[in-house]
Amino acid sequence: MKKIILSLLFAVLGFALTPQELAVDVNYAGKERMLTQKITKDVFLIALGEEKAKEDLQKSRNEFERILYGLIEGDSELGLTKITANKKALQQAEIIKKKWLEFRKHIDKVLDGDYTQEDLNYIKNHNLELLQEANKLVELLVALNPTDKTENAQAINLAGKCRMLSQRIAKDVLILKKYPQESLTDLKRTIEELDLILDALENGNRKLGVKKTSAPWIQQELKKAREIWAELKKEIQNPQDVKKIVQLSDQLLAQMDKITKMYEAIVNKGRKIRAIKSIVEMFEKEKELQKHIINLAGKQRMLTQKMTKEALLTAIGYDPTSNIKLLKEDMELFDRTLHGFLYGDKGLNLPAVEDKKVKEEIVKVVEVWKPFKKEVENFIKTQDKNSLNYLVANNMKLLERSNNLVQAFKKAFPSYDFLEEARKEIVDIAGRQRMLTQKMTKEKLLVMLDIEKEKNRQNLKETIELFETSLNDLLNGNKKRKIVRPTNKKVIAQLKKVNSLWKDLKPIYLKEKLSQKEMDKLVEGNVKLLKEMDKAVLLTERVVDY
Amino acid sequence: MQWLLILFLVVGVLSGEEELKVKITEDIPYVDVEIDGKIVRIQRIQDTEHKLRNGYVKTSRPAPPFYVQEFEPIKGIETIGELELLDFIQKKYNLNKGLLIDARISKWYRLGTIPGAVNIPFSLFYEKEYADRLLQQLGVTIKDGKRDFKDALDLVIFDNGPWCQQAVREMKQLVRLGYPKDKIHYYRGGMQYWQILGLTTQKP
């Protein structure tokens with residue numbers, strides 16, 4: 001059973017983990033966009049005589065390539081998962097690879113210091129193409145993520161795009177510096193785009209699908225980004241100091257990277273908490289199911305006594321029609337539950353038992369139940385005295401084996417929670433009280449029918465004592481039996497109700513000869529006592545503070 | 001403790017906000033926590049006549065099992081107070097670098113918790129399959145059955161308060177599983193102290 005529950009759980013989790021892996025891929029694909037521009041910027045810094053930029057260029061070149069291969073083949077160190085599961089994304093990554101390999105040839109020439117004007121032209125004319133292809137991959141990966149709240153995903157995407165734009169601006173300025181005849185269109189477009197996105201992130205923009213963030217810490221960082229951007233824009237309008245432009249664009253890149261990570265943190269935290277909740281929920285469900293199984297097993301104990309009681313009531317001629325009907329229902333319920341333990345029963349919410357020891361105990365119950373059931377069926381049809389005698393003689397054996405099964409289930413479902421364990425004990429004792437209500441009625445009837453009168457009179461006395469002591473312990477606590485005195489008002493009220501019913505019924509159980517009225521009270525009263533005890537068990541299970 | 005100093009410097013930036021009658025400290029009127037895309041404000045109850053009416057007014061519970069916890073029940077695990085917890089929410093939780101864990105059984109958790117706390121009942125870490133799945137969500141990597149806690153998240157764990165054993169049991173089990181002690185922090189005051197101070201609680 002545990003295997004079934006866990007396989008279900010892991011199926012759910014398998015699904016839940018995918019977006020996390022995907023988020024890493026989206027982030028890296030987004031970084032590729034930025035790197036296309038950073039690489040180009042570094043190339044033109046070198047072309048303008050800034051040899052120090054070579055180190056940065058080498059680093060960015062290697063990083064771009066590692067991420068690209070990581071996306072295609074996976075890279076555990078980077079936490080990148082293969083995107084092979086999605087054909088379109090993989091095809092797109094292959095397109096980028098093809099274009100990159102061509103682009104890289106010219107980059108490597110710059111790094112080796114033997115580049116020509118043609119190499120620079122190639123880089124100038126093809127960097128945006130590479131950027132567009134990288135952007136397509138980001139969009140494909142974002143679309144794959146079904147659980148993201150689109151607004152947050154879009155905020156990550158836009159903040160990530162700003163990282164790229166910060167580098168693109170510097171690159172555009174450097175290209176203009178190198179080729180003053182070039183059109184200003186690209187630069188203007190980049191400025192407009194950065195203006196628009198920063199404003200969208202700060203104030204929200206319906207068209208871009210992004211709301212103003214409610215997180216004050218992101219608002220603060222966006223304000224800082226806006227300040228850097230204002231300074232950068234001022235420099236661009238009068239581009240005397242290219243180095244300062246590059247420096248400010250790098251500052252903006254770092255700031256937007258920080259903001260992107262903050263948006264990502266919100267999304268990833270949400271995912272993580274959802275995943276944790278689903279694990280805890282599954283754990284709770286498993287525990288609930290275990291309680292349900294133990295409760296049903298406990299009820300079987302009660303049914304062994306109830307069936308015998310109903311047969312005896314029929315035998316003394318007390319409302320035989322109703323009692324035969326009840327006997328039939330209880331027999332069917334006992335049989336169905338037992339079958340359910342072995343093979344599973346959807347209607348009873350029972351999975352098939354897998355635990356070897358529990359199975360052995362079920363088989364032992366079945367051994368006693370089979371002939372017992374046959375005699376119940378015969379008694380229902382014929383009210384045969386021999387069948388009744390069989391039930392009287394064997395019901396305690398069935399009870400004993402049913403009780404062994406309860407204990408086997410308890411062992412198979414270990415509890416590490418001492419509070420729940422203590423409560424389990426209380427639930428078990430309260431649950432046993434249900435069985436005792438039926439057992440004492442059965443024993444009373446056996447005395448009345450003169451069947452092993454003295455033995456049953458003694459049994460009745462012991463059952464009454466046990467019921468009474470346990471009820472008293474449940475009400476007032478018992479250190480030796482590790483029963484905590486309840487403090488919950490509802491639990492106390494319910495137990496007092498049971499106690500009051502019991503006080504009313506007890507004298508009838510002790511009386512030798514009963515009038516018809518007393519007999520009616522006993523039969524009705526014991527069912528009522530059973531029901532109210534059942535309510536007490538349920539309350540004990542459910543209340544938070546016992 | 002370093003967090004606390006930074007907290008005083010950072011959180012005070014709340015000019016233009018409505019002045020609260022009952023602040024958390026002189027410099028901290030409230031702390032915001034992000035929960036599922038929404039911001040929940042943690043502040044103190046403003047009614048100075050307010051009294052608790054729930055189960056936390058109880059002074060005594062049956063002991064055993066509800067004995068009073070030591071101040072530092074596990075050596076190496078830092079015990080923190082409310083201000084450190086609030087700082088943790090800002091510096092770690094909001095930025096997905098740490099997790100706030102309510103270690104109580106879910107029946108308790110559902111009645112109300114510290115905003116942002118996720119419920120991981122302590123008994124769950126005793127069952128290997130569940131424990132490993134959860135540890136992975138806490139940043140632990142598991143390869144060939146070996147657990148690597150290098151990227152494990154910082155955790156703050158709490159329960160009902162100093163009379164409750166659930167957080168301590170959860171921390172003990174986490175340490176048994178290999179979780180680094182310096183990444184675990186124990187908020188001993190728990191729900192009892194949190195509510196005595198009138199701090200915001202939330203029903204999940």
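Just the heavy atoms: all of them, side chains too, but no hydrogens, waters or symmetry mates, feed the values below.
- Residues W217(A) and I39(B) come closest through the heavy atom pair CH2-CD1, 3.9 Å.
- Here CD of E286(A) is found 9.5 Å from CG of L124(B). Values are rounded to the nearest 0.5 Å.
- Using a 4.5 Å cut-off between heavy atoms, F125(B) does not touch chain A at all.
- Distance CG/L99(B) to CD1/I273(A): 6.0 Å, rounded to 0.5 Å.
- Using a cutoff of 4.0 Å between basic side-chain nitrogens and carboxylate oxygens, K107(B) and E284(A) are not scored as salt-bridged.
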Check the pair I120(B) / I276(A) against side-chain contact (heavy atoms from CB on, under 4.5 Å), numbers first and verdict last. CA-CA 8 Å; I120(B) 307 182; I276(A) 290 174; 3.8 Å; yes
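- The environment of F149(B) atom CZ is dense: over 12 non-hydrogen atoms of other residues, nucleotides or ligands sit within 6.0 angstrom.
- No donor-acceptor distance shorter than 3.5 angstrom exists from the side chain of K38(B) to the backbone of S214(A), with no hydrogens or angles considered.
- If you measure heavy-atom distances from L153(B) to chain A, the contacts under 4.5 Å come from the side chain alone.
- The two residues P121(B) and V280(A) have their closest heavy-atom pair at CD-CG1, 3.7 Å.
- One distance of note links NZ of K269(A) with CG of L95(B); it measures 9.0 Å at 0.5 Å rounding.
- Atom NZ of K172(B) is surrounded by 12 or fewer heavy atoms from other residues, nucleotides or ligands within 6.0 Å.
- Going from atom CD1 of I218(A) over to atom CG of N94(B) covers 9.0 Å, rounded to the nearest 0.5 Å.
- E281(A) contributes atom CD, which lies 10.0 Å from atom OG of S106(B) (distance to the nearest 0.5 angstrom).
- In this structure, K23(B) places its NZ atom where more than 12 heavy-atom neighbours from other residues, nucleotides or ligands lie under 6.0 Å away.
- Here D36(B) contributes atom CG and R274(A) contributes atom CZ; the two are 6.0 Å apart, rounded to the nearest 0.5 Å.
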